[in-house]
Number of protein chains: 2
Amino acid sequence: MPKINALETGSSEQRNSLNHQAIEDYLKTIYMLAMEETPVTTSRIAEARDVKPGSVTSMIQRLAKLHLVNYEKHYGVTLTDAGTKVALEVIRHHRLIELFLIEALGFTWDEVHEQADILEHVISEKLEERIAAALNYPQFDPHGNPIPSREGVMHSVEAEPLSALAAGVRARIAYVLNDENSEMLRYLAELGLTPGAVLEIKQVAPFAGPLTVEIEKESRVIGHTIASAVMVTREPADEPVAP
Amino acid sequence: MPKINALETGSSEQRNSLNHQAIEDYLKTIYMLAMEETPVTTSRIAEARDVKPGSVTSMIQRLAKLHLVNYEKHYGVTLTDAGTKVALEVIRHHRLIELFLIEALGFTWDEVHEQADILEHVISEKLEERIAAALNYPQFDPHGNPIPSREGVMHSVEAEPLSALAAGVRARIAYVLNDENSEMLRYLAELGLTPGAVLEIKQVAPFAGPLTVEIEKESRVIGHTIASAVMVTREPADEPVAP
DNA sequence: CTCATATTTTAGGTACTCCAAAAATAGCAT
DNA sequence: ATGCTATTTTTGGAGTACCTAAAATATGAG
Ligand SMILES: [Mn+2]
Ligand SMILES: [Mn+2]
Ligand SMILES: [Mn+2]
Ligand SMILES: [Mn+2]
C-alpha cells in the first residue's frame with residue numbers, strides 16, 4: 001500500500017524531500033521563534049515543542065548536518081535559506097488547509113488548527129495547488145495570518161496588540177495570536193472580535209485592567225490577556241460627514 | 001506545534017487510537033489479502049507490502065499482542081474483530097478521500113490513490129464525517145469499490161472479470177482492480193471503460209487473446225490483461241422494442 | 001574565580017526496517 | 001509411513017529516527 005518511508009529506509013535515502021514530520025515541525029518552530037528573537041536557543045525550542053532540551057540538541061545537530069540551520073554550540077540556531085524555504089512551505093500548507101477546512105467543509109475557526117498541524121506535512125504540491133485554486137489564491141488564513149506564496153514569500157503585517165491602544169482610538173483587527181487555543185477563539189468569535197472587524201476603544205482600566213470597546217454598535221468589556229492576543233492596525237477616527 | 005507521537009512516546013501511551021501508519025497499513029493489507037484467501041501468510045503480506053518476511057513476522061507479533069490479529073506460528077493470521085474494524089475504517093478513509101479529491105478538487109481518477117494512501121491515516125473522525133457529508137454519503141469510490149459505512153459494514157459487489165465473458169454477453173462495469181496503476185487507469189478512461197459503463201462482447205480471441213467489445217456504439221479491442229482488471233456484472237441482452 | 005544555569009553528551013527505549021542464520025514445515029520419493 | 005530436501009518462517013543482530021533521563025561541561029554574573 002503506502003510506505004511513506006520508501007525513500008529513507010536502509011542506506012541511501014533522502015531523494016529531494018528532506019521532509020518528515022519532525023524535521024518540518026522543528027523548522028517551523030524555529031521560524032516562528034526567530035520572528036521574536038534570533039538566534040533561537042535550545043531551551044526556547046524545547047519549551048515550544050514540549051520536548052526535553054537533549055532532544056532538541058540532537059535534532060539541531062541533524063538539521064545542521066542537513067544544512068537547514070546554522071548552529072553555534074551554546075549559542076543558538078538560525079535557519080539557512082533552505083531551512084527557511086521548508087518552514088515557509090509548511091506554514092503555507094498549514095494556513096491554506098485551515099482556510100480550506102472552513103470554506104469548503106464547514107469547520108469553525110476554533111476547530112482547524114490541530115487537523116492542519118498534521119495535514120500540513122502530508123499534502124503533495126499538487127494538492128496544495130488545488131486547494132489554493134479552490135480558495136481563489138487567498139492571502140490570509142482564518143486567523144488573519146498571511147499565507148506565504150508558492151515561491152516562499154510572506155508579507156507580514158505590521159500590527160500592535162489591542163491591549164496597547166488608548167481610549168478613543170479606532171482600530172481594525174488584523175490577526176489573532178494563539179490560534180491553537182480553541183476556547184479563546186470561540187470566545188473571540190462570540191464577541192465579534194475576528195479579523196477585519198473594526199472597533200473603537202472606549203475605556204482602558206489601568207494596571208493591565210480590562211478594556212471597554214465598541215464593536216458593531218455593541219459595547220464589550222474584555223480582559224487584558226485576551227486583548228493582548230488580538231493584533232490590530234489603527235484606523236482613522238471616523239465621523240462620517242453628512243453630505 | 002504538533003506531535004503526532006504525543007500519545008505513544010515514553011511508556012504509558014495508547015489512548016484509544018492504536019493507529020499509526022504502519023499498523024494500519026498492515027491491517028489493511030491483511031484485510032485485502034484475506035478476501036482472496038484466509039489465513040494470510042507471512043510471505044503474502046511481505047510481497048504485498050514489499051518488505052522482507054522477517055519484518056512481517058515481527059509486525060505480526062506486535063499486532064497479535066495488541067489483539068488485532070489471531071496468529072498461529074508457521075500457519076498464518078486472521079484479523080480479530082478489533083483488527084477488522086481498524087482495517088475497514090482505513091479503507092473508508094481511503095475511498096472517501098479518493099472521491100473527494102476528484103469531486104471537490106478536480107483530480108482525475110488516476111491521480112488520487114497515492115495521496116489517499118497517505119491521507120487515510122491522518123484524517124480525524126470529524127473530517128471524515130465532513131467529507132462524507134460534502135459528498136452526500138456516497139456508496140462507491142471512483143474506481144467502483146464500495147465504501148464501508150461509518151459503522152464498519154462493507155457491501156461487496158459480486159462481479160466477474162470482463163475477460164471471463166463470452167461473445168454476445170452484455171455487461172456493466174462494476175469496478176476496476178489495481179487502482180494504484182495510474183497508467184492503466186488513464187488507458188481505461190480513454191476507452192470509456194469506467195464504472196457504470198455498459199458494453200457488449202463482440203468477439204473473444206482464444207488463448208487469452210484480445211477481446212472486442214462495443215461500448216457507447218464504438219468498437220474497441222482490448223488485451224486480456226486489461227480485461228482481467230475490469231470487473232463486471234451481467235446485463236440482460238438488450239433489443240429495445242420499438243413502440 | 002566560582003557557581004548557578006543552560007547546554008551538550010551519554011546511555012537507554014520504542015517503532016520500524018533489513019540481513020543472515022536457524023528452525024520448522026511441506027512436498028515428494030521411496 | 002519415513003526420510004530428505006526445498007521453501008517458508010522465525011530469530012537474532014543491527015541501523016535510523018525519534019524520544020527521555022541523568023551525567024558532564026560550557027557560559028557568564030557576580
Ligand atoms: Mn494554525
Ligand atoms: Mn505539524
Ligand atoms: Mn485507492
Ligand atoms: Mn496507507
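Chain A is the first sequence line, chain B the second, and so forth, proteins listed ahead of strands; every chain is numbered from 1.
Phosphate proximity of D:dA17 to A:Y26: absent, as no side-chain N or O sits under 4.0 Å from OP1 or OP2. Here A:R62 does not reach the OP1 or OP2 of D:dT16: none of its side-chain N or O atoms lies under 4.0 Å away. For C:dC18, the OP1/OP2 oxygens have no side-chain nitrogen or oxygen of B:K52 closer than 4.0 Å. At D:dT11, one or more side-chain N or O atoms of B:Q61 fall inside 4.0 Å of OP1 or OP2 (strictly under the cut-off). Put simply, B:R44 has no side-chain N or O that comes within less than 4.0 Å of OP1 or OP2 on D:dT8. Phosphate proximity of C:dT8 to A:T42: present, with a side-chain N or O under 4.0 Å from OP1 or OP2. Side-chain N/O atoms of A:S58 include none lying less than 4.0 angstrom from OP1 or OP2 on D:dC18.
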Requested in this report: For B:M59 and B:R49, run side-chain contact (heavy atoms from CB on, under 4.5 Å): C-alpha distance rounded to whole Å, both residues' side-chain angles, the deciding distance at 0.1 Å, then the answer.
Outcome: CA-CA 12 Å; B:M59 177 57 93; B:R49 299 233 53 235; over 6 Å; no
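For the 3.5 Å distance criterion, the side chains of A:T108 and A:E111 qualify, holding a donor opposite an acceptor.
Straight-line distance from the NE2 atom of A:H20 to the C1' atom of D:dC19: 17 Å, rounded to whole Å. The distance from atom CG of B:D50 to atom P of C:dT17 is 11 Å, rounded to the nearest whole Å. The distance between atom CE of B:M59 and atom C1' of C:dT14, rounded to the nearest whole Å, is 12 Å. Atom CD1 of A:I45 and atom P of C:dT7 are 9 Å apart (whole Å). Note: CG (A:L66) to P (D:dT16) measures 14 Å, nearest angstrom. Nucleotide D:dA17 holds its P atom 13 Å from the CG atom of A:L68, rounded to whole Å. Atom CD in A:E24 sits about 15 Å away from atom C1' in D:dC18, given to the nearest Å. Look at CG on A:L63: it is 9 Å from P on D:dC18, rounded to the nearest Å.
Considering only residues two or more places apart in sequence or on other chains, B:E180 meets the salt bridge (charged side-chain N to carboxylate O under 4.0 Å, His left out) condition with none of them. Not a single salt bridge (charged side-chain N to carboxylate O under 4.0 Å, His left out) links B:D179 to another residue, sequence neighbours left out.
As judged by a 4.0 angstrom heavy-atom cut-off over every strand, A:Y75 is placed among residues making no nucleic acid contact. Across all strands shown, A:S43 has heavy atoms under 4.0 Å from sugar-phosphate atoms exclusively, and none from any base. Residue A:S55 is in base contact, counting any heavy-atom pair closer than 4.0 Å across all strands shown.
Identified under the ring-ring contact (aromatic ring centres under 6.0 Å, His included) test for residues 80-112 of chain A, with sequence neighbours left out: A:H94-A:H113, A:W109-A:H143. Screening residues 67-77 of chain A for side chain to side chain donor-acceptor pair (under 3.5 Å) gives no qualifying pairs among residues at least two apart or on separate chains. Identified under the side chain to side chain donor-acceptor pair (under 3.5 Å) test for residues 30-40 of chain A, with sequence neighbours left out: none.
Other residues, nucleotides and ligands contribute at most 12 non-hydrogen atoms within 6.0 Å of the CD atom of A:E47.
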Requested in this report: Summarise how protein sits on nucleotides 25-30 of chain D as a single string, 5' to 3': B when a protein heavy atom is under 4.0 Å from the base, S for sugar-phosphate-only contact, - for no contact.
Outcome: -SS---
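Here D:dT9 is the nucleotide among C:dT17, D:dT9, D:dC18 with the atom lying nearest to any side-chain atom of B:T57.
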